Amino acid sequence: QLQAFGGGLVQAGGSLRLSCVASGGTFSSYVMGWFRQAPGLEREFAAAISWNGSIIYYTDSVKGRFTISRDNAKNTLYLQMSSLKPEDTAVYYCAAFRPELSWIQVRRTLPTGGVDNWGKGTLVTVSS
């Protein structure tokens, strides 16, 4: 199971850090990712991180502003968000990709085809 938390209301230009705690599985066996879904829109990919954190991939809209990281000892995934914009307002979800997928396969299945398990989302609201 995955549980994301840390969302809230923040002014444009501000920062927020999301966390996602995993339980019931071997966290280090999964490529992990963050997705977001704005009202009325489809869920979109934001960032992904490989099993040991050595490979990271961001969608262009968050590159340079968001940082994904993980702590396998704590079974926790993070998303540090800075320079937030109103268009970043969304429910943010953490996700575990299917464990049998390679990194290249994960990339090919984006945005959501390779996800094995979704966490409950956390709402981020960025005011202008």
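Just so we're clear, the structure is a prediction, and the values are computed from it rather than from any experiment. Side chains included, hydrogens not; waters and symmetry mates left out as well; all remaining heavy atoms used.
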Going by side chain to side chain donor-acceptor pair (under 3.5 Å), name the residues that satisfy it together with Gln105, two or more places apart in sequence or in a different chain. Ser102
Can you pull out every disulfide bond (SG atoms under 2.5 Å apart) where at least one residue sits in residues 97-128? Sequence neighbours excluded, please. none
Ile55 CD1 to Arg107 CZ distance, which is reported to the nearest 0.5 Å: 10.0 Å
Exactly one of Glu44, Arg43, Glu42 clears side-chain hydrogen bond (donor to acceptor under 3.5 Å, both in side chains) with Gln37, and that residue is Arg43
Mind jotting down which residue pairs meet the salt bridge (charged side-chain N to carboxylate O under 4.0 Å, His left out) criterion with at least one end in residues 7-32? Sequence neighbours excluded, please. none
Which side chain to side chain donor-acceptor pair (under 3.5 Å) pairs, counting each pair once, include a residue from residues 114-128, with sequence neighbours left out? none
Got more than 12 heavy atoms from elsewhere within 6.0 Å of CG, Leu41? yes
Give me each pair satisfying disulfide bond (SG atoms under 2.5 Å apart) with a member in residues 28-79, each pair once, sequence neighbours excluded. none
Kindly give the heavy-atom pair with the smallest separation between Ala48 and Phe97, and that separation in Å. CB-CE1, 4.4 Å
Tell me, which pairs form a side chain to side chain donor-acceptor pair (under 3.5 Å) where one or both residues lie in residues 72-84, sequence neighbours left out? Arg70-Asn72
What do the steps show when you test Thr112 against Phe45 for side-chain contact (heavy atoms from CB on, under 4.5 Å), and what is the final call? CA-CA 7 Å; Thr112 60; Phe45 167 79; over 6 Å; no
Would you list the pairs meeting disulfide bond (SG atoms under 2.5 Å apart) in which at least one residue belongs to residues 2-119, sequence neighbours left out? Cys20-Cys94
Taking side chain to side chain donor-acceptor pair (under 3.5 Å) as the definition, give me every residue that meets it alongside Glu100, ordered by chain and number, with sequence neighbours left out. Arg98
With a cutoff of under 4.5 Å between side-chain heavy atoms, which Ile, Leu, Val, Met, Phe, Trp and Tyr residues group with Ile56? Leu2, Val10, Leu16, Leu18, Phe27, Tyr30, Met32, Trp34, Ile49, Tyr58, Val62, Phe66, Ile68, Leu77, Leu79, Met81, Leu84, Tyr92, Val124, Val126
side-chain contact (heavy atoms from CB on, under 4.5 Å) involving Asn52 - partner list, sequence neighbours excluded: Ser50, Ser54
Among pairs that include at least one residue of residues 75-93, which meet salt bridge (charged side-chain N to carboxylate O under 4.0 Å, His left out), considering only residues two or more places apart or in two chains? Arg36-Asp88, Arg65-Asp88
OG1/Thr59 to CG/Leu110 distance, rounded to the nearest 0.5 angstrom? 9.0 Å
